[in-house]
Structure formats: C-alpha cells, structure tokens
Student: 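One structure follows; several queries about it will come next.
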Protein chains: 2
Amino acid sequence: MNTLAEENYLKSIYHLSLNDVNVSTNQIAAALNTKAASVTDMLKKLADKALINYAKYQGVTLTAAGEKIALHIIRKHRLWEYFLVEKLHFKWDEVHEMAEEMEHISSIELIDRLDKFMDYPKHDPHGDPIPDRNGNFKKYELKPIAALNVNENGIISGVRDHSPAFLQYLGKQQLTIGKKIKVTEIIDYDLSMILQVEQTEIHISREVAKNLLIAI
Amino acid sequence: MNTLAEENYLKSIYHLSLNDVNVSTNQIAAALNTKAASVTDMLKKLADKALINYAKYQGVTLTAAGEKIALHIIRKHRLWEYFLVEKLHFKWDEVHEMAEEMEHISSIELIDRLDKFMDYPKHDPHGDPIPDRNGNFKKYELKPIAALNVNENGIISGVRDHSPAFLQYLGKQQLTIGKKIKVTEIIDYDLSMILQVEQTEIHISREVAKNLLIAI
DNA sequence: TAAAAAATTTAGACTTGTCTAAAAAATTTA
DNA sequence: TAAATTTTTTAGACAAGTCTAAATTTTTTA
C-alpha cells in the first residue's frame with residue numbers, strides 16, 4: 001500500500017487536474033501546505049512507482065494507476081462525509097477534517113459495506129459525486145448561479161468553495177443542496193442577485209453566486 | 001496530539017499493565033513487533049511527555065495522563081468494532097485489524113456521536129468493556145470455563161485469546177457471547193470438557209476452556 | 001531576444017521512528 | 001556470591017518526509 005503522504009499527493013494532483021491538464025509543483029505545494037522542494041522529492045517517488053507522469057520542470061499528470069488510487073481515496077472521503085452527516089448528524093461544514101483522516105482507512109471491503117449500509121448514495125453532502133468501487137461516476141456538468149439570467153431557474157447541486165465559512169453562510173440562508181431557485185432580479189451596480197427560494201427572496205452577492213452551482 | 005506510534009505504545013503498555021504492574025521493555029517490544037532498542041527510545045519520549053513513569057532498567061507504568069489517552073484509544077477501538085459487527089455485519093473475527101486503524105481517528109465529538117448512534121453499547125463484540133467518554137467502565141471479573149466443576153454453569157462473556165483462528169472456531173461451535181453453558185462432564189485424561197449449550201453438547205479441549213470466559 | 005523574474009530542482013540538513021551491534025546493568029545459577 | 005545469562009540501554013546508522021539556501025531552467029517582459 002501507499003503511505004499517507006503519497007495518498008495525499010495523489011488526491012491533490014487529481015483535484016488540481018480538473019482545472020489544468022498539467023499540474024505544477026507550486027500548485028501542489030500550495031494545496032498541501034508544503035514547500036516546492038518537498039513536492040519535487042515526492043514527485044520523484046510517485047514517478048518511480050508509475051503513479052504519475054513526471055518530466056522535470058514540465059508538471060505532472062496522473063497515470064491510470066495513480067488516478068485509480070486517487071478516485072478510491074475520494075470515494076472513501078465522500079462516503080465518510082455522507083455517513084457523518086446522514087447518520088451522525090454533523091453539519092455539512094463540520095465534516096471535511098474528519099473525513100480527511102477517515103479516507104486513509106485501508107479496507108476496501110469496509111468501504112463497500114459502508115456504501116451498502118447507506119444504500120449507495122450518489123453524492124456527498126456538498127453535492128460532489130461519489131465514485132463507485134471501480135472509480136466510475138457520472139460526470140454531470142454544473143454551472144454557477146452567476147451564469148443565470150433573470151427568470152431562469154435551477155436546482156442547487158454543488159458548491160465551488162468548500163470552506164466552512166461559506167458552507168455555514170449557505171446553511172443559514174437555507175441555500176442547501178436540492179433547493180429550487182429562480183433568479184428574480186440582477187442588480188446592475190454590483191451584479192448581486194435576488195433569488196426566489198421556496199417562499200422567500202434571498203439576496204446574494206456576485207461572489208456567492210459564482211460559488212453556488214446548479215445542475216444544467 | 002500524539003503520534004500514531006505513541007498511541008500504539010500507550011495502548012500496549014495499558015494492556016500489558018493488566019497482567020503486570022511494571023511493564024518491561026521486552027514485553028512491549030514483543031507486543032508491538034519491534035526491537036527492545038526501539039522501545040527504549042520511545043519510552044524516553046513518553047517519559048518526557050509525562051505519559052509514563054520510567055526508570056532505566058525498571059520497567060514502566062502509565063501516569064494518569066497516559067492511562068487516560070490509552071483508555072480513549074481503547075474506547076475508540078471497541079466502539080468501531082461494535083459498529084463494524086452490528087451495523088456493517090462483519091464477523092467478530094474480521095474486525096480487529098480495521099479497528100486498529102480506526103482507533104486513531106482523532107475527533108472526540110465523532111466518537112461520542114458514534115456511541116450515541118449505537119445507543120451506548122457497554123461491550124464490544126468480544127465481550128470487552130467499552131470505556132465511557134471519561135474512561136470509566138465497570139471492572140467486572142470473568143473466569144475461564146476451565147475453572148468450573150461439573151454441573152456448574154455460566155454465561156459466555158469474554159475471550160482471553162482474540163486471534164481470528166480462535167474466534168472462528170468459537171463461532172462455528174456457536175460458543176458466542178451471551179450463550180448460557182453448563183459443564184456436563186470433565187474428562188480425567190486430558191481435562192477436556194463437555195458443555196451443554198442450548199440443545200446441544202459440545203466437547204472442548206482444556207486449551208479452549210482456559211481461553212473462554214464466563215461472568216462470575 | 002536578452003535581461004529580469006518566476007518556477008523548479010538540487011544539495012545538504014533535520015526529525016521521527018526504526019534498526020544492528022556493542023556496552024552496561026540486572027538477574028539467574030551453580 | 002561470583003560467574004554466566006538475560007535484559008536493557010547506548011551508539012551510530014538508515015529511510016521517509018520535510019525544510020532552507022543555492023543553483024538551474026523556464027517564462028515573462030522590456
């Protein structure tokens with residue numbers, strides 16, 4: 001098996017790969033709160049194990065083997081988050097740190113049984129898809145509410161910012177996964193938006209609108 | 001917080017302390033599958049942190065602080081074992097290794113909620129007591145079936161040997177926690193015993209009788 | 001396109017936890 | 001109780017993962 005550090009590198013590289021094909025040393029260092037020199041050392045090890053494609057100064061991509069491991073860690077992270085929210089009743093802004101530890105529990109059988117226990121959830125509490133045991137999941141597209149025009153509507157299906165502060169704010173405003181929203185007005189001055197959510201109108205800044213995602 | 005290695009040392013010292021007041025370097029080395037020299041190094045660190053009382057060549061005892069940590073790890077281990085058996089339907093001989101990893105998940109709130117989720121179980125799947133959040137548990141005494149005479153009876157309440165092989169054997173014979181047993185015969189020749197368990201008679205060796213415990 | 005700036009890698013060092021081999025202390029035994 | 005044996009500790013080394021500082025490569029910019 002891989003070390004904890006290796007698993008965290010693979011997971012970060014996977015997430016960064018969603019935005020850029022080649023992931024840079026500095027991006028990884030920032031994501032893992034470490035130094036570029038440390039990243040270079042680890043990249044050599046991961047390349048030796050054939051988990052990444054690495055050419056000096058060129059950035060990295062995951063190999064098929066590396067991506068498989070990354071997706072399995074993400075599967076574990078998201079299933080544990082679902083467990084923490086649905087079974088232990090934590091709030092969606094409280095579970096990330098715990099899941100960061102739990103995602104490294106190694107047993108595959110354990111996670112498959114946990115999946116069954118919860119009746120095979122498709123999304124974690126933040127709307128992110130949960131890969132199945134083979135690493136497959138539907139790559140549905142989401143777009144920010146900021147991209148909507150007046151009178152357009154959608155269902156809240158994800159967040160771009162996973163910080164506790166943002167999640168807490170959304171929770172307080174009842175802007176949670178599954179809620180149906182409609183844009184009733186866009187303020188010219190600052191591009192902030194007024195949304196119709198169930199019976200109430202909610203005013204959100206452009207910043208919030210960019211980080212709150214709806215299904216297309 | 002403490003490192004994973006430190007937690008494992010404290011836990012081992014706690015378990016060994018149940019048999020001997022002072023725990024020796026070699027005992028710890030054997031329990032942790034490491035070398036005496038490595039143990040000496042770690043004992044110095046734990047003593048510096050005031051988690052153990054350590055005098056060179058004299059063996060160690062846990063301080064109150066060290067015992068508290070050890071009991072919390074044991075609490076986590078046993079609650080996760082209960083979860084794995086009761087909720088995920090693993091067999092009692094399958095859960096130890098998984099719980100060895102899960103016991104190091106740090107959140108106290110998580111384990112308290114898990115405890116509540118399972119309705120505050122008092123014993124793990126092997127009959128061992130689960131400490132509460134303050135490290136308290138009933139210190140009930142158990143004795144081996146080997147200590148019984150003919151016609152005496154009791155309720156299976158624990159095991160002395162936690163190895164998968166022993167647990168699997170017991171499971172197959174229906175010799176599980178909570179079963180009522182009565183000694184119907186003791187064979188002079190090898191001190192093996194014939195037990196009445198529910199409707200059936202089961203013949204167990206002296207070795208088994210020494211490792212299977214009943215409530216006094 | 002050459003100089004400046006930024007990104008990345010290398011070199012050497014440090015910490016944690018481990019090891020082997022040798023030394024020292026404690027215990028057993030004759 | 002002195003010698004032999006066992007246990008424990010010390011000394012020095014190593015691997016993993018990290019760091020700082022310096023060197024190198026790439027990218028940007030003037």
Side-chain angles (χ1 to χ4, degrees), chain A residues 1-17 19-62 66 69-70 73 100-101 103-104 106, chain B residues 1-17 19-62 66 69-70 73 100-101 103-104 106:
Chain A
M1 248 297 112
N2 306 287
T3 66
L4 194 136
E6 286 170 346
E7 292 194 347
N8 285 333
Y9 273 85
L10 291 173
K11 185 179 51 145
S12 280
I13 294 167
Y14 178 87
H15 286 311
L16 294 167
S17 294
N19 296 318
D20 305 88
V21 177
N22 280 280
V23 178
S24 75
T25 301
N26 266 357
Q27 282 178 298
I28 299 168
L32 290 173
N33 225 309
T34 183
K35 296 293 147 73
S38 310
V39 174
T40 300
D41 288 344
M42 182 59 91
L43 294 184
K44 287 179 192 164
K45 287 180 206 165
L46 294 173
D48 285 348
K49 288 189 164 196
L51 299 174
I52 60 171
N53 303 113
Y54 171 53
K56 272 192 201 175
Y57 297 100
Q58 305 304 300
V60 300
T61 57
L62 291 175
I69 293 169
I73 297 163
E100 282 295 286
E101 293 183 55
E103 73 191 7
H104 300 290
S106 60
Chain B
M1 246 298 113
N2 306 287
T3 66
L4 194 137
E6 287 170 345
E7 292 194 347
N8 285 332
Y9 273 86
L10 292 173
K11 185 179 51 146
S12 279
I13 294 167
Y14 178 87
H15 286 311
L16 293 167
S17 295
N19 296 318
D20 305 88
V21 177
N22 280 281
V23 178
S24 74
T25 301
N26 266 357
Q27 282 179 299
I28 299 168
L32 289 173
N33 225 309
T34 183
K35 294 294 147 71
S38 310
V39 174
T40 300
D41 289 343
M42 182 59 90
L43 294 184
K44 288 180 193 163
K45 287 180 206 166
L46 293 173
D48 285 348
K49 288 188 163 196
L51 299 175
I52 59 171
N53 304 114
Y54 170 53
K56 270 191 202 175
Y57 295 101
Q58 306 303 299
V60 299
T61 58
L62 291 176
I69 294 169
I73 297 163
E100 283 294 287
E101 293 182 56
E103 72 191 7
H104 300 291
S106 59

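Reminder, nothing fancy here: chain letters follow the sequence lines and each chain counts from 1.
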Student: For D:dA16, take OP1 and OP2 only and decide whether either is under 4.0 Å from a side-chain N or O of A:K45.
Tutor: no

Student: Would you say a side-chain N or O of A:K56 is under 4.0 Å from OP1 or OP2 of C:dT10?
Tutor: yes

Student: Whole angstrom is fine here: how far is it from CG in A:L46 over to C1' in D:dG17?
Tutor: 12 Å

Student: Within this structure, what is the OG1-NE2 distance for the pair A:T3 and A:H104, rounded to the nearest 0.5 Å?
Tutor: 9.5 Å

Student: Measure from CD on A:Q27 to P on C:dA6 and round the result to the nearest Å.
Tutor: 17 Å

Student: Can you tell me if A:K44 touches the phosphate of C:dT10, counting only side-chain N or O atoms and a distance under 4.0 Å to OP1 or OP2?
Tutor: yes

Student: With a 4.5 Å limit on heavy-atom distance, are the side chains of A:N8 and A:E103 in contact?
Tutor: yes

Student: Give the nucleotide from the list C:dT9, D:dT26, D:dT9 with an atom nearest to the side chain of A:Q58.
Tutor: D:dT26

Student: State the CD-CG distance between B:E7 and B:L51, to the nearest 0.5 angstrom.
Tutor: 10.5 Å

Student: Would you mind pulling out the nucleotide paired to D:dT28, Watson-Crick or G-U wobble, both distances under 3.5 Å?
Tutor: C:dA3

Student: Let me know the distance between CG of B:N2 and P of C:dG17, rounded to the nearest Å.
Tutor: 10 Å

Student: Does D:dT8 have OP1 or OP2 under 4.0 Å away from a side-chain N or O of B:N26?
Tutor: yes

Student: Would one find a side-chain N or O of B:Y54 under 4.0 angstrom from OP1 or OP2 of D:dT8?
Tutor: no

Student: Counting distance only, does the side-chain N/O of A:E101 pair as donor-acceptor with the main-chain N or O of B:S106 below 3.5 Å?
Tutor: yes

Student: Any idea which of C:dA26, C:dG17, D:dC19 is nearest the B:Y57 side chain?
Tutor: C:dA26

Student: Is there a side-chain polar atom (N or O) of A:T40 under 4.0 Å from OP1 or OP2 of C:dT9?
Tutor: yes

Student: Between A:S38 and D:dC19, does any side-chain N or O lie under 4.0 Å from OP1 or OP2?
Tutor: yes

Student: For A:E6 and D:dA16, what is the distance between atoms CD and C1' respectively, to the nearest whole Å?
Tutor: 9 Å

Student: What is the distance, rounded to the nearest whole Å, between atom CG of B:L32 and atom P of C:dT16?
Tutor: 19 Å

Student: OP1 or OP2 of D:dT18 sitting under 4.0 Å from any side-chain N/O of A:Y9?
Tutor: yes

Student: Would you kindly give the CE-to-C1' distance between A:M42 and D:dC19, to the nearest whole Å?
Tutor: 14 Å

Student: For C:dT27, which nucleotide is its Watson-Crick or G-U wobble mate, given both distances must be under 3.5 Å?
Tutor: D:dA4

Student: Choosing from D:dC19, D:dT10, C:dT8, which nucleotide comes nearest the side chain of B:A37?
Tutor: D:dT10

Student: Of the candidate nucleotides C:dT16, D:dT8, C:dT9, which contains the atom at the shortest distance from the side chain of A:T25?
Tutor: C:dT9

Student: Quick one: CD1 on A:I13 to CG on A:L62, what's the gap to the nearest 0.5 Å?
Tutor: 5.5 Å

Student: Using a cut-off of less than 4.0 Å, is there contact between a side-chain N or O of A:T3 and OP1 or OP2 of D:dG17?
Tutor: yes

Student: Rounded off to whole Å, could you give me the CG-to-C1' distance for the A:D41 and D:dT20 pair?
Tutor: 12 Å

Student: To the nearest 0.5 Å, what is the distance between CG (A:N2) and CD1 (A:I73)?
Tutor: 7.5 Å

Student: Of the candidate nucleotides D:dT20, C:dT16, D:dT25, which contains the atom at the shortest distance from the side chain of A:K35?
Tutor: D:dT20

Student: Tell me: CG of A:L43 to P of C:dA7, nearest whole Å?
Tutor: 16 Å

